[in-house]
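Heads up, the thing below is written out as structure tokens.
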Amino acid sequence: MTGMRDKLRLVKPEPATAPRHPNAEQIKQIFAQRLFDFGSPLYLIDKSGRLTWFNLPYRQLSDRLSLLDGLVALLPLAALMAEAEEHDRVVRRDLTVTLDGRNHVLHTHHVSLADRNGKLTGLAGLVEPIDTGGELSAELVKAQERFDDIVRLTSDWVWEIDQDLNITLISDRVTKVLGFLPRELAGRKLPSLADGEAGVISISQRFASMAPFRDHRFEARTKLGEVRLFLLSGVPTFSHETGGHTGFRGTANDITDLVRREHSLIQAKESAEIANRSKSDFLANMSHELRTPLNSIIGFADLLTRQVPDASSDGRAQEYAADIQSSAGHLLSMINDILDLSKIEAGRLNLNEEEISIQMLCEPALRMIQDRARAAELDLVSELIDDLPLVLVDHRLTRQILLNLLSNSVKFTPAGGRITIRAYRGPERDLIIEVEDNGIGIPEGDVDRVLEPFVQVESHHARRYAGTGLGLALSRRLAELHGGRLSLLSQIDRGTKVGLHIPATRLR
């Protein structure tokens with residue numbers, strides 16, 4: 001059929017610049033064109049049986065019958081040519097075809113075409129249209145049933161109004177959402193269902209534009225007086241005969257319950273945020289109440305450990321005092337971490353920034369951890385170089401990050417292990433301070449989790465090590481407070497490498 005679509009029609013349509021008052025010849029051409037385009041299927045065949053011309057109805061019929069070579073492929077062309085040439089009269093042939101699963105009989109009519117010498121040159125053919133009146137009625141019934149099912153099953157209610165906004169059709173679904181029977185609303189203006197004058201004006205203005213619209217918020221009052229919220233969508237309708245505007249048709253979707261649920265979720269979220277802020281404010285404000293008594297406990301325990309026991313003592317006073325001091329120190333460290341984390345969440349931890357060298361930043365942290373590393377039989381190695389730039393950071397908080405990283409390495413590295421601290425420029429021109437150990441490592445699936453507060457890896461390697469799981473989380477937040485970040489690489493039984501990335505904007 002592709003070749004047929006490229007053929008020229010017998011009569012060309014009039015150009016766009018045709019005269020306002022056509023003459024008789026032009027009128028004949030117009031009617032001829034209408035005959036060719038909207039009449040019966042017509043076609044021409046040359047003496048060899050090749051299709052040389054066809055009109056639009058012929059092509060459409062061939063497409064409906066799925067005939068790639070056209071309707072003429074079904075005709076006994078040689079017999080038709082011989083009969084037409086011999087008898088010089090109309091030759092008829094009936095063809096049985098299948099369309100939409102049903103058999104139909106096509107009546108074809110052919111006349112001979114001859115040249116000036118009367119020699120046969122081909123045939124002109126015509127096909128009587130298929131009688132589809134019965135099929136059309138059946139399709140209309142099926143379409144009506146389909147429409148009724150869709151209207152009945154849809155969660156929206158369907159409506160139609162005339163040009164004066166009077167309701168001409170409304171689906172039964174409206175009874176469930178508004179309480180009115182469809183017959184109670186017939187003839188009533190659709191805007192009159194709105195709750196309040198503002199709603200009436202809003203929807204009336206929407207209809208006045210005579211343009212399609214979608215999801216117009218429309219509050220309607222039910223038969224019992226309840227206000228419900230709908231999303232109205234509609235399209236204008238026009239007369240097929242005159243083209244004039246006849247009204248609108250569309251749908252209305254009840255979103256009242258959905259909006260209520262959304263409001264409940266928003267309120268719950270706001271309540272949770274208020275509770276979280278209250279928690280953070282509470283923790284941030286309890287610093288004095290927690291730290292003061294702990295400092296007293298630690299101070300007096302220190303005094304007890306320095307005194308020499310008298311003769312009446314059983315010799316265990318100093319041991320008890322040492323236990324008190326150790327436990328209080330651990331508790332104070334844990335509370336400091338919690339308070340610092342809560343201050344960050346509450347936005348109340350401010351940076352006290354100064355320029356400092358990497359050596360001055362790292363060496364105090366190394367000195368603070370070296371006794372613990374020595375007691376754990378670990379090698380503590382510094383690979384810091386001298387030609388690194390100064391950094392603009394909060395000294396105390398940055399040292400706390402490094403101390404947390406070093407403490408973790410000491411905690412999770414078995415005796416005989418090695419802990420290394422180094423600093424270098426990264427590929428993004430940032431400065432990286434890296435702490436690496438050859439300890440027990442972290443499972444691959446837990447690498448991201450350990451950076452969250454209060455998360456401790458549960459495994460046979462780590463269960464024997466006490467802690468709150470705040471060290472890495474607090475270090476990450478402090479790094480982010482400086483505009484930097486933490487990177488973490490780890491393998492089970494191979495060790496862990498944690499890097500503090502200080503952005504290039506803080507290098508001097």
Side-chain angles (χ1 to χ4, degrees), residues 333 336-337 340-341 344 349-442 447 450-451 470-491 494-508:
S333 175
N336 284 337
D337 287 348
D340 285 342
L341 192 60
I344 294 174
L349 186 61
N350 299 317
L351 298 180
N352 183 20
E353 300 173 335
E354 294 182 48
E355 293 182 1
I356 189 173
S357 68
I358 298 301
Q359 285 78 7
M360 292 292 291
L361 195 61
C362 297
E363 287 174 359
L366 289 170
R367 286 196 300 269
M368 294 174 67
I369 205 70
Q370 64 184 2
D371 289 341
R372 289 175 55 188
R374 190 180 302 111
E377 301 179 14
L378 301 173
D379 289 335
L380 191 60
V381 180
S382 172
E383 295 181 354
L384 301 175
I385 55 179
D386 296 329
D387 60 346
L388 293 172
L390 301 178
V391 292
L392 180 66
V393 294
D394 186 304
H395 302 178
R396 183 185 68 85
L397 297 181
T398 308
R399 284 186 183 132
Q400 185 175 350
I401 296 174
L402 299 176
L403 190 58
N404 286 342
L405 302 185
L406 291 167
S407 297
N408 269 359
S409 291
V410 171
K411 187 176 180 180
F412 295 106
T413 304
R418 177 187 177 95
I419 299 171
T420 304
I421 184 169
R422 63 177 66 92
Y424 57 91
R425 298 295 293 271
E428 299 177 2
R429 305 306 299 161
D430 55 348
L431 191 138
I432 304 173
I433 304 176
E434 191 173 79
V435 176
E436 182 179 10
D437 63 59
N438 56 357
I440 63 175
I442 302 170
V447 169
V450 297
L451 294 174
L470 283 176
L472 284 176
L474 179 59
S475 298
R476 189 191 74 172
R477 300 289 178 84
L478 292 175
E480 292 171 350
L481 199 60
H482 284 83
R485 63 184 178 91
L486 281 189
S487 62
L488 192 152
L489 298 173
S490 186
Q491 287 184 309
R494 296 288 297 274
T496 301
K497 184 188 297 184
V498 186
L500 167 61
H501 294 248
I502 300 175
T505 54
R506 289 188 170 272
L507 305 186
R508 300 290 182 267

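Only this structure's heavy atoms are used, side chains among them; waters, hydrogens and symmetry mates stay out.
Rounding to the nearest 0.5 Å places CG of L403 at 11.5 Å from SG of C362. Residue I421 holds its CD1 atom at 5.0 Å from CG of L366, rounded to the nearest 0.5 Å. Atom CD of residue E436 and atom OG1 of residue T413 lie 10.5 Å apart, to the nearest 0.5 angstrom. Taken to the nearest 0.5 Å, the CG atom of L406 stands 11.5 Å off from the CG atom of L378. Annotation: the span from L500 atom CG to N404 atom CG amounts to 11.0 Å, rounded to 0.5 Å. To the nearest 0.5 Å, atom CD1 of residue I369 and atom NZ of residue K411 are 11.0 Å apart.
Side-chain atoms of P389 and R425, non-hydrogen and from C-beta on, do get closer than 4.5 Å to each other.
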Worksheet entry | side chain to side chain contact (heavy atoms under 4.5 Å, CB included) between R374 and D371, worked out | CA-CA 5 Å; R374 190 180 302 111; D371 289 341; 2.9 Å; yes
Discussion item. Would V381 and R418 count as a side chain to side chain contact (heavy atoms under 4.5 Å, CB included) here? Give the steps.
Written reply: CA-CA 7 Å; V381 180; R418 177 187 177 95; 3.6 Å; yes
Worksheet item: Does the side chain to side chain contact (heavy atoms under 4.5 Å, CB included) test come out yes or no for I433 and I401, once each step is laid out?
Response: CA-CA 10 Å; I433 304 176; I401 296 174; over 6 Å; no
Item to complete: Would you please test I356 and T398 for side chain to side chain contact (heavy atoms under 4.5 Å, CB included) and show each step?
Response: CA-CA 11 Å; I356 189 173; T398 308; over 6 Å; no
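Listed for the H501 side chain is no donor-acceptor partner under 3.5 Å among the backbone atoms of A479. Distance alone, capped at 3.5 Å, is enough to place a donor-acceptor pair between the D394 side chain and the N352 backbone. Distance alone, capped at 3.5 Å, places no donor-acceptor pair between the T496 side chain and the Q491 backbone.
Contact between R399 and P364 at its shortest, heavy atoms only, is NE-CG, 3.6 Å. Taking every heavy atom of both residues into account, I358 and A423 meet most closely at CG2-CB, 3.9 Å. For L397 against H482, the heavy-atom pair with the smallest separation is CB-CE1, 4.3 Å. Closest heavy-atom contact between L507 and D430: CD1-C, 4.4 Å. The minimum heavy-atom distance between G439 and P414, with the atom names listed, is CA-CD, 3.8 Å. Annotation for L486 and L472: closest pair CD1-O, 3.9 Å, computed over non-hydrogen atoms.
More than 12 heavy atoms of other residues, nucleotides or ligands lie within 6.0 Å of CZ in R485, so this atom counts as buried by the packing criterion. Crowding of R508 atom CZ: a count of heavy atoms from other residues, nucleotides or ligands under 6.0 Å exceeding 12.
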